[in-house]
Amino acid sequence: MLHFRRFSDTSVSEKLLDSMFLITIGIGYLFALLNLYYTDQGRDGEPGLSVKDVTLAYYGSHNQTRLGAAINGPMEPNLPNAAAKTTILDWIQHGATKEEFEAKVKPIMQSNCVMCHSAASGMSIPHFDSYEHVLELTATDTGATIPALVRVSHIHLFGIAFILFLIGRIFLLCELPVLFKRVVVAAPFAFLILDISSWYITKLIPQFAYVVIAMGAFVGITFAIQIFTSLYQMWLYKSNNEQE
Ligand code: HEC
């Protein structure tokens with residue numbers, strides 16, 4: 001009869017190596033989640049990570065410009081009154097001309113914004129020192145650019161495929177119903193590819209943010225199943241190989 005390797009066939013050294021790898025990857029995954037939280041959570045101006053944050057990351061806000069989104073959101077308290085906000089929004093609406101900027105918008109920014117939004121403040125935020133710089137913030141917000149997505153996609157696919165492969169090799173040593181094992185080793189690759197494809201689709205169809213989140217969650221779930229089952233079977237599970 002064919003015999004496939006199981007944890008019962010491995011040495012303690014091999015199990016130690018596998019365990020340390022799985023634990024380190026598991027911690028790495030938690031940091032990846034934290035990183036996601038810090039990068040995306042504030043996009044909609046409300047604390048916590050939401051579907052809206054994910055939509056804004058990939059699709060953008062479309063009906064808003066970066067400047068408009070800022071003064072309707074986190075930068076609103078810096079404005080002296082509602083009239084100042086209307087003045088800026090109207091300026092964007094009217095085509096963001098230089099004349100109107102100099103006459104109406106610049107004075108508002110000089111007294112309410114440039115103390116932070118200038119090179120002198122030392123903050124790495126957009127500088128409002130010239131019409132051209134402010135103009136850049138009045139383009140429609142269409143979310144992450146394609147080159148940025150391509151860069152993150154190839155890093156994710158290479159890096160995560162490696163991790164899934166190594167975790168899968170370890171997980172295959174578990175004693176489990178064969179169908180369950182086949183699904184759990186193959187599925188995260190499919191979820192990963194669907195997750196990354198959905199980033200691009202979300203650029204066109206904002207509702208796809210739900211698919212991005214669902215696929216990301218499914219990768220995480222299969223990841224966790226593989227790590228925890230492997231660790232459990234390595235150290236706590238009594239093999240029934242003998243009866244087979
Ligand atoms: C107390 C300092 C401070 C003041 C005053 C301030 N800002 Fe900001 N602003 C920031 C910081 C810090 C950020 C970056 C943090 C963030 O993105 O939430 C920021 C971000 C922005 C952005 C987002 C840029 C982007 O990346 O999309 C815009 C637009 C903006 N501010 C506009 C304004 C306007 C208009 C005013 C004046 C009414 C103003 N800010 C006043 C500190 C300030």
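Atom set for the values below is all heavy atoms of this structure, side chains included, hydrogens, waters and symmetry mates excluded. Each ligand, and each atom within it, is numbered from 1 in the order the structure gives.
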Practice problem: Look at atom 14 (C) of ligand 1 and say which protein heavy atom is nearest, naming residue and atom and giving the distance to 0.1 Å. | Solution: Ile125 CG2, 3.4 Å
Exercise. Starting from atom 43 (C) of ligand 1, find the nearest protein heavy-atom neighbour and note its residue, name and distance.
Key: Cys116 CB, 3.4 Å
Self-check item: Within 6.0 Å of CZ in Phe171, more than 12 heavy atoms from elsewhere
Solution: yes
Quiz item: Nearest protein heavy atom to atom 29 (C) of ligand 1, by residue and atom, and its distance?
Solution: Ala70 CB, 3.3 Å
Practice problem: State yes or no: are the ring centers of Tyr29 and Phe223 separated by less than 6.0 Å? | Solution: yes
Self-check item: atom 37 (C) of ligand 1 protein-contacted, heavy-atom criterion under 4.0 angstrom
Solution: yes
Quiz item: Is there an N/O/S atom in Asn78 at a distance below 2.8 Å from atom 8 (Fe) of ligand 1?
Solution: no
Quiz item: For ligand 1, which atoms, with element, lie under 4.0 Å from some heavy atom of Phe128?
Solution: 30 (C), 32 (C), 33 (C), 34 (C), 35 (C)
Quiz item: Do Lys203 and Tyr59 come close enough that some side-chain heavy atom pair is under 4.5 Å?
Solution: no
Quiz item: Taking the N/O/S atoms of His117 one by one, which is nearest to atom 8 (Fe) of ligand 1?
Solution: NE2
Quiz item: Which ligand 1 atoms are under 4.0 Å away from a heavy-atom of Leu79?
Solution: 38 (C)
Quiz item: Does Lys15 make a cation-pi contact with Trp235 (under 6.0 Å, within 45 degrees of the axis)?
Solution: yes
Practice problem: Heavy-atom distances under 4.0 Å are what count here, so tell me which part of Ile108 touches ligand 1: side chain, backbone, both or neither. | Solution: neither
Exercise. Return yes when at least one protein heavy atom is under 4.0 Å from atom 5 (C) of ligand 1, and no when none is.
Key: yes
Exercise. With heavy atoms only and a cut-off of under 4.0 Å, state how Pro74 meets ligand 1: side chain, backbone, both or neither.
Key: neither
Quiz item: Are the side chain of Asn72 and the backbone of Gly68 linked by a donor-acceptor contact shorter than 3.5 Å?
Solution: yes
Exercise. Ignoring hydrogens and angles, tell me if any N or O in the side chain of Gln233 forms a donor-acceptor pair with the backbone of Cys174 under 3.5 Å.
Key: no
Exercise. Verify, without hydrogens or angle tests, whether Glu76 (side chain) and Ala70 (backbone) share a donor-acceptor contact under 3.5 angstrom.
Key: no
Quiz item: Where does the angle between the aromatic ring planes of Phe191 and Phe218 fall among parallel (under 30°), tilted (30 to 60°) and perpendicular (over 60°)?
Solution: tilted
Quiz item: Any protein heavy atom sitting closer than 4.0 Å to atom 27 (O) of ligand 1?
Solution: yes
Self-check item: Leu34 vs Leu30 side-chain heavy atoms within contact, under 4.5 Å
Solution: no
Quiz item: To which protein heavy atom is atom 34 (C) of ligand 1 closest, and what is the distance rounded to 0.1 Å?
Solution: Cys113 SG, 3.4 Å
Quiz item: Considering only heavy atoms of Asn112, which atoms of ligand 1 have at least one such atom less than 4.0 Å away?
Solution: 5 (C), 37 (C), 41 (C)
Quiz item: Any idea which protein heavy atom is nearest atom 24 (C) of ligand 1, and the distance to it?
Solution: Pro126 CG, 3.5 Å
Quiz item: Under 4.0 Å from atom 18 (O) of ligand 1, is there any protein heavy atom?
Solution: no
Quiz prompt | Atoms in ligand 1 with a heavy atom of Ile71 nearer than 4.0 Å | solution = 35 (C)
Practice problem: Indicate yes or no for a side-chain donor-acceptor contact from Ser121 to the backbone of Cys116 under 3.5 Å, with no hydrogens or angles considered. | Solution: yes
Quiz item: Backbone N or O of Thr140 within a donor-acceptor pair of the Arg66 side chain at under 3.5 Å?
Solution: no
Quiz item: At what distance is the nearest protein heavy atom to atom 16 (C) of ligand 1, and which residue and atom is it?
Solution: Met75 CE, 4.9 Å
Exercise. Could you give me the CA-CA distance, side-chain angles and deciding distance for Glu14 and Arg5, then say whether salt bridge (charged side-chain N to carboxylate O under 4.0 Å, His left out) is met?
Key: CA-CA 13 Å; Glu14 185 175 342; Arg5 268 182 102 229; 2.8 Å; yes
Self-check item: N or O pair under 3.5 Å between Arg66 and ligand 1
Solution: yes
